[in-house]
Each structure stands twice: as structure tokens, then as C-alpha cells.
Amino acid sequence: MRLESEVEMVEPMDVPGNAYNVSRGQYHSTPILGGVRQFGGADGFDKLLGICDVDLYVPGLNFVFGEASLAEGVAIISLIRLRQGYYGLPEDDGVFMERSVKEAVHELGHLYGLSHCRDSRCVIFFSNNLMDTDRKGPTFCPRHQSQLERAMGR
Ligand SMILES: [Zn+2]
Ligand SMILES: [Zn+2]
């Protein structure tokens, strides 16, 4: 089993302007999380995953692929660094899709209460860089798989 859940897409929202940091040329992901929460909160979604295409950071890190707030049930990922083109390489849709799935499943894992894994193959392993993302699989190690299933009430 992976993450088998009912998924609903909502209308696109604008990236909140107050998240932009002019000197860094990047967006602070935490205010965007707040925006996603407000945006989807009224519809009573259990968990919300925002997908954006701007470069994200949190203070203390050069960039992040995503961020999750377990307390709020909201997560966000950015696609921008998952494309080969970002690194001056020819685009590869397959690779891009794999990376996007991994980062989305990673953040959703956090929303189900999972913490980072020490196993570099587990999808909840922290990606410090793209090599980490490419090395890990799209699935959870056995320990996190069973933790996830418990969290999902299975
Ligand atoms: Zn993480
Ligand atoms: Zn694990």
C-alpha cells in the first residue's frame, strides 16, 4: 500500500505576495502554508498540499523542496528545482514526475505525523539536495509504512 486516499483538486490560488523576500529572490514557504490553509480550510479538507512553482526557503536553509505543518494539516512543495532544466540540463518528464511524486508523498507523510527517516531509500528521508531525492524511492520503509497505516486508521 502507498498513500491511498481520496484526492480533490481545488482552484489555483496566487502565491501570497508577502511571502516574497526581495533580497533572496525567493519565497518564504511558511507564509504560503498559511495561505493554503486559509484557502482550503473552509471546505473542511483533512489535509492540504499546495503545489507551487516558485523557489522556496525557510530561514537558515538556502532552499527547501517543501514544508509541512502537522498542526495545521497543510504542506507545500515547489516543482521548480525538480526539473532538469533548472540545472541547465535537457528536460526529462519522467524524472520530473518521479521527483514530484517523491516530494509530494514526503510532505504528506509529515502530515500523517511521520518524522524524517535515517534510511536514505525511504521517501521520508530528508532531501538536502536533488541527489537525495533521486536516491530515495517513492515509498516508505517498513517501519514508516506501518506507522503511516496506523495514522490512516488501517
Ligand atoms: Zn521532510
Ligand atoms: Zn523510513
Neighbour count >12 (heavy atoms, 6.0 Å) for atom [atom1], [X]:
{"X": "Asp14", "atom1": "CG", "answer": "no"}
{"X": "Met13", "atom1": "CE", "answer": "yes"}
{"X": "Asn62", "atom1": "CG", "answer": "no"}

Distance (rounded to the nearest 0.5 Å) between [X] [atom1] and [Y] [atom2]:
{"X": "Leu82", "Y": "Met97", "atom1": "CG", "atom2": "CE", "result": "11.0 Å"}
{"X": "Gln147", "Y": "Glu149", "atom1": "CD", "atom2": "CD", "result": "11.5 Å"}
{"X": "Leu48", "Y": "Gln38", "atom1": "CG", "atom2": "CD", "result": "12.0 Å"}
{"X": "Leu114", "Y": "Leu108", "atom1": "CG", "atom2": "CG", "result": "11.0 Å"}
{"X": "Glu91", "Y": "Phe96", "atom1": "CD", "atom2": "CZ", "result": "8.0 Å"}

Q | Worked check of side chain to side chain contact (heavy atoms under 4.5 Å, CB included) between Asp55 and Tyr27 | A | CA-CA 6 Å; Asp55 200 23; Tyr27 288 79; 5.9 Å; no
Is there a side-chain contact between [X] and [Y] (heavy atoms, below 4.5 Å)?
{"X": "Val36", "Y": "Val74", "result": "yes"}
{"X": "Arg81", "Y": "Leu130", "result": "no"}
{"X": "Phe65", "Y": "Ile77", "result": "no"}
{"X": "Cys52", "Y": "Leu79", "result": "no"}
{"X": "Leu70", "Y": "Tyr112", "result": "no"}
{"X": "Glu67", "Y": "Thr30", "result": "yes"}
{"X": "Ile76", "Y": "Ile51", "result": "no"}
{"X": "Phe126", "Y": "Asn128", "result": "yes"}

Q. Hey, mind stepping through Ser127 and Asn129 against side chain to side chain donor-acceptor pair (under 3.5 Å) and telling me if it holds?
A. CA-CA 5 Å; Ser127 286; Asn129 54 50; over 6 Å; no
For the residue pair [X] and [Y], what are the closest heavy atoms and their distance?
{"X": "Val58", "Y": "Ser29", "value": "CG1-OG, 3.3 Å"}
{"X": "Ser78", "Y": "Val54", "value": "OG-O, 2.7 Å"}
{"X": "Arg24", "Y": "Leu61", "value": "NH2-O, 2.8 Å"}
{"X": "His110", "Y": "Ala68", "value": "CB-CB, 3.6 Å"}
{"X": "Ala75", "Y": "Glu107", "value": "CB-CB, 3.7 Å"}
{"X": "Lys102", "Y": "Asp134", "value": "NZ-O, 3.4 Å"}

**Q.** Within the 6.0 Å centroid threshold, strictly below: His144 and His116
**A.**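 Aromatic pair excluded; centres sit 6.0 Å or further apart.
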Q: Give a yes or no on whether the ring-centroid distance for His28 and Tyr57 is below 6.0 angstrom.
A: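 Between His28 and Tyr57, the centre distance is under 6.0 Å.
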Q) Is any NZ, NE, NH1 or NH2 atom of the basic residue among Asp93 and Arg83 found under 4.0 Å from an Asp or Glu carboxylate oxygen of the other? A)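 No, Asp93 and Arg83 are not salt-bridged.
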(Q) Apply side chain to side chain contact (heavy atoms under 4.5 Å, CB included) to residues Gln26 and Tyr20 and explain how you reach the verdict. (A) CA-CA 6 Å; Gln26 292 175 300; Tyr20 188 66; 6.0 Å; no
Q) Between Lys136 (side chain) and Val123 (backbone), is there a donor-acceptor pair under 3.5 Å? A)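 Checking the backbone N and O of Val123 against the side chain of Lys136, a donor-acceptor pair under 3.5 Å is found.
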Q.
Between Val101 and Met131, is there shared hydrophobic-cluster membership here, with clusters defined by ILVMFWY side-chain heavy atoms closer than 4.5 Å?
A.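 In one cluster: no.
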Q.
Hydrophobic clustering (ILVMFWY, side-chain heavy atoms < 4.5 Å, transitive) - are Val15 and Leu33 grouped together?
A.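 Yes, because Leu33 and Val15 connect within a single hydrophobic cluster, where side-chain heavy atoms sit under 4.5 Å apart.
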(Q) Name the residue from His106, Arg99, Glu103 that meets the side chain to side chain donor-acceptor pair (under 3.5 Å) definition with Thr133. (A)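 Going through His106, Arg99, Glu103 one by one, the side chain to side chain donor-acceptor pair (under 3.5 Å) with Thr133 is satisfied by Glu103 alone.
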**Q.** side-chain contact (heavy atoms from CB on, under 4.5 Å) against Asp119, all qualifying residues, sequence neighbours excluded
**A.**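 Asp119: side-chain contact (heavy atoms from CB on, under 4.5 Å) contacts with Cys117, Arg121, Cys122, Cys141.
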